[in-house]
Amino acid sequence: MSTDSRPPERDPAHTLMWGGVALFLFATALYGQTVGFSYALDDNAVITSNRWVQQGLRGVWPLMTSHFFEGFFSAYASYYRPLAMVSFAVEFEFFGFDPRVSHGINVVLYASTAVALLRLVWELIHQPVVALGATALWVASPLHVEVAASIKSRDELLALLLNTVFLVLAVRFAKTGDRVLAGWAALAFAAALFTKESALTFVAVLPLTLFSLTRTPLKRAAWACATVLPGVLLYFAARKAVTGRLLSAANVEEEAVANNLLLAADTPAEAWATTFKFVLVYLRMLFWPDPLVWDYSIGQVTLVTWSDAVPWLGLGVLLLLTGALAWRLRRGDVFGWSLGFCAITYAIPSNLIVRVYGSTLAERYLYPLTVGFCVLVAYGLWRLVGQRVRPAAALIAALVLAWTARSWDRIPDWQNNDTLITSNAAHGDGNPRLVGAWGSALSSRMRYAVNEDPSQIEAVDTEILEYMGRQLALVEADPHQYRYVEVEARWVLALNHWIQGELNEARPHLRRVVELEPKRAQAWWYIGFIEYDSGNWPAAVEAYEAALRVRPKTGVVPGDDVLLQDYYMNLSLAYDRVGRTEDALEAADGALEWQPNYAKAHAMRGNMLMQLGRADEATTALDTAFALDPALRAP
């Protein structure tokens, strides 16, 4: 009869299965609320206003043969991420515009990634408390809210899911030599690359994994690493064919400064100093992400020089981590692998190797990195308590609970644009994008007040003047850091006066806007309208001509609520006032080119033709105008 009182060891497969179920349910419960959310931020560019996505299955081939934003606008042709976009087109084919479906799919992808990560960590570290703890930390991380709660971030979700599956399959192939696994690994990695280019970092993560945490023979490890080659070659061939380049950015315009603070630095030294500051910013975000905002571009994070202590501290921390990485890599342990994973996946968002044009820094940029970080934390806590399971589990559970509470608090902010903008209004001073978004919300409130509830006008006007006045005070105090926010502040102040019918008060703000940003066509249009209304018709012509010179020749431009045909129509009216009849006729024709059923443009064309003595053509044009809008006929 046995006297051993120890509990029987649990079957690892059983633990893995039920652990995966629990983590899937945890992730689903945490983000299930997003199924009721609407579209927000860039969802407009990739879904609701994307002409290829709106074609459903017919848009699949155009999406495969065009850059990421081409279905919406032409900038940044260096992005090539077709698979996530194809998923949106397939969705539209069967469900139309339904954010509930989109969010639901993203929740499943996020929860599935948790299961795949559990399998990966288990494969590498056969310690249940570490595998389950690291994956639970990963699910709870507040840094993931932007990715899991944003439909557009499906590219991030798919890329990490596919790369995790790729690592599991490649490691299994290295251990077993099963060529079927090698084929699936190659396919998973290729799909990850076609989802988002940052998946390329896993070319280095795989050898790090094999040589740190497996005892794979060199020859078999080399064959496992070769599984990345088909995907790399296919992806870059397609990318070159579609965008005309391999990795470097294309169509990077002046407004890219609003995305990446480093482009505003006066000297390379200042840019490098600020880059090392980012190290500290990201470390803070990893441990306790508060506050969280949806944009970290210029103004949200400020420039520093080497005369400040911050960049030296950031450089010191980076060197310390690099030294620790080198030391632990030689030992081939979990600490070395975790630090190496973080270093490799940080390479692109760090701005140390390439400039990231999408944003200065972002929570979503740390999404892959958090895998290595969460393993590091879970394994470190387990080792800290002498590899005792219960104390380690308690410490990990406490951190999971704290992170879950922070995530739960942040997730509702992503319900829609309004909730997101409102949630970050208090953290937006100096950031042109946040100021512009909050200003747009305030302008909408002013329109409502003017049209529906005049009793609110004074309160909204005071809020706008105080908030935008704060931004102008920042510019005056430190123009080097905050000069870019002045355009947005002036623009909102101009709109505030415009909505209230205070055109003369709007004029100086609009003039300052076009002085600072000559390409803002709508500001020129407003100036033209004000000058025309005041009888200064030559100035109106000048403003409308400037507007048409800089406005893209498309019917709709994001952020510009004036249609292209109205630009032409108003210019035609101004030309008529200064006696330039031929030019007025040409401008009216320009309006009709973009809106053939524009009744007022037909009427204008008829009047100009009549002045030019072309009576028959004038009669035809006027008859068309009256047929389209009988109200235009003189009583």
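All figures in this text were calculated on a predicted structure; none of them were measured in a lab. Excluded from the calculations below are hydrogen atoms, water molecules and symmetry mates; all remaining heavy atoms, backbone and side chain alike, are included.
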Quiz prompt | Side chain Glu93, main chain Gly59, donor-acceptor under 3.5 Å | solution = no
Exercise. Test Tyr598 against Asp566 for side chain to side chain donor-acceptor pair (under 3.5 Å), laying out the working first.
Key: CA-CA 10 Å; Tyr598 196 173; Asp566 291 325; 2.6 Å; yes
Quiz item: Just by distance, do the side chain of Gln595 and the backbone of Ala591 share a donor-acceptor pair under 3.5 Å?
Solution: no
Quiz item: Going from CZ on Arg154 to NE2 on His103, what distance comes out if it is rounded to the nearest 0.5 angstrom?
Solution: 10.0 Å
Self-check item: Heavy-atom donor-acceptor pair, Arg483 side chain to His480 backbone, under 3.5 Å
Solution: yes
Exercise. Determine, using ring centers only, whether Tyr567 and Tyr544 are less than 6.0 Å apart.
Key: no
Quiz item: Would you say the side-chain atoms of Gln522 and Tyr526 include a donor-acceptor pair closer than 3.5 Å?
Solution: yes
Self-check item: Donor-acceptor pair, side chain of Arg549 and main chain of Ala521, under 3.5 angstrom
Solution: no
Quiz item: Is the closest side-chain donor-acceptor distance between Tyr296 and Glu363 under 3.5 Å?
Solution: yes
Practice problem: Please examine the side chains of Trp524 and Arg551, heavy atoms only from C-beta on, and report whether any two atoms are closer than 4.5 Å. | Solution: no
Practice problem: Answer whether the closest heavy-atom distance between the side chains of Tyr31 and His144 falls below 4.5 Å. | Solution: yes
Exercise. May I have the step-by-step check of side chain to side chain contact (heavy atoms under 4.5 Å, CB included) for Val475 and Val485, ending in yes or no?
Key: CA-CA 7 Å; Val475 176; Val485 80; 3.5 Å; yes
Exercise. Give a yes or no on whether Arg58 atom CZ has more than 12 heavy-atom contacts from other residues, nucleotides or ligands under 6.0 Å away.
Key: no
Practice problem: Please round to the nearest 0.5 Å and tell me the distance separating atom NZ of Lys152 and atom CZ of Phe88. | Solution: 8.5 Å
Quiz item: Does the Asp413 side chain pair with the main chain of Thr419, one donor and one acceptor, at a distance under 3.5 Å?
Solution: no
Practice problem: Measure the spacing between CD1 of Ile411 and CG of Leu292 and express it to the nearest 0.5 Å. | Solution: 11.0 Å
Self-check item: Short side-chain to backbone donor-acceptor contact, Ser87 and Ala84, under 3.5 Å
Solution: yes
Quiz item: Backbone N or O of Ala40 within a donor-acceptor pair of the Asp43 side chain at under 3.5 Å?
Solution: yes
Quiz item: Is it true that the side chains of Ser153 and Glu146 contain a donor and an acceptor less than 3.5 Å apart?
Solution: no
Self-check item: Ser534/Arg507 under side chain to side chain contact (heavy atoms under 4.5 Å, CB included): CA gap, chis, key distance, verdict
Solution: CA-CA 11 Å; Ser534 64; Arg507 181 190 280 114; 3.7 Å; yes
Exercise. Mind running side chain to side chain contact (heavy atoms under 4.5 Å, CB included) on Val492 and Trp438 for me, showing each step along the way?
Key: CA-CA 9 Å; Val492 175; Trp438 180 233; over 6 Å; no
Quiz item: In Å and rounded to the nearest 0.5 Å, what is the CE to CG distance from Met64 to Leu83?
Solution: 5.5 Å
Quiz item: In Å and rounded to the nearest 0.5 Å, what is the OG1 to CG distance from Thr274 to Asp308?
Solution: 8.5 Å
Exercise. May I ask you to decide if the ring planes of His509 and His497 are parallel, tilted or perpendicular, using 30° and 60° as cut-offs?
Key: parallel
Quiz item: Is a salt bridge present between Arg433 and Glu488, judged by a nitrogen-to-oxygen distance below 4.0 Å?
Solution: no
Quiz item: Is the number of heavy atoms from other residues, nucleotides or ligands within 6.0 Å of CD (Glu517) greater than 12?
Solution: yes
Quiz item: What distance separates Met608 CE from Asp576 CG, expressed to the nearest 0.5 Å?
Solution: 3.5 Å
Quiz item: With a cut-off of 6.0 Å (strictly less than), are more than 12 heavy atoms of other residues, nucleotides or ligands near OH of Tyr282?
Solution: yes
Quiz item: If you take all heavy atoms of Met285 and Leu361, which pair is closest and at what distance?
Solution: SD-CD1, 4.3 Å
Quiz item: Please, which pairs that meet side-chain hydrogen bond (donor to acceptor under 3.5 Å, both in side chains) have at least one residue in residues 615-630, sequence neighbours excluded?
Solution: Arg614-Glu617
Quiz item: What do you reckon, is CD of Glu542 surrounded by more than 12 foreign heavy atoms closer than 6.0 Å?
Solution: no
Quiz item: Does the side chain of Asn496 come under 3.5 Å of the side chain of Gln500 through a donor N or O and an acceptor N or O?
Solution: yes
Quiz item: If every non-hydrogen atom of Ala271 is compared with every non-hydrogen atom of Ala265, which pair is closest and at what distance?
Solution: N-CB, 3.7 Å
Quiz item: Taking side chain as C-beta onward, heavy atoms only, is Arg81 less than 4.5 Å from Thr195?
Solution: no
Quiz item: Can you find a pair of side-chain heavy atoms, one from Asp98 and one from Phe92, that are under 4.5 Å apart?
Solution: no
Quiz item: Can you check whether Trp498 reaches Ile530 side chain to side chain, under 4.5 Å on heavy atoms?
Solution: yes
Self-check item: Shortest non-hydrogen contact between Ala489 and Gln471, atoms and distance
Solution: CB-CB, 3.9 Å
Quiz item: Is Leu585 close to Gln611 at the side-chain level, that is, under 4.5 Å between some pair of heavy atoms?
Solution: no
Practice problem: Might you work through the side chain to side chain contact (heavy atoms under 4.5 Å, CB included) test for Thr34 and Asn106, ending with a clear yes or no? | Solution: CA-CA 9 Å; Thr34 64; Asn106 281 16; over 6 Å; no
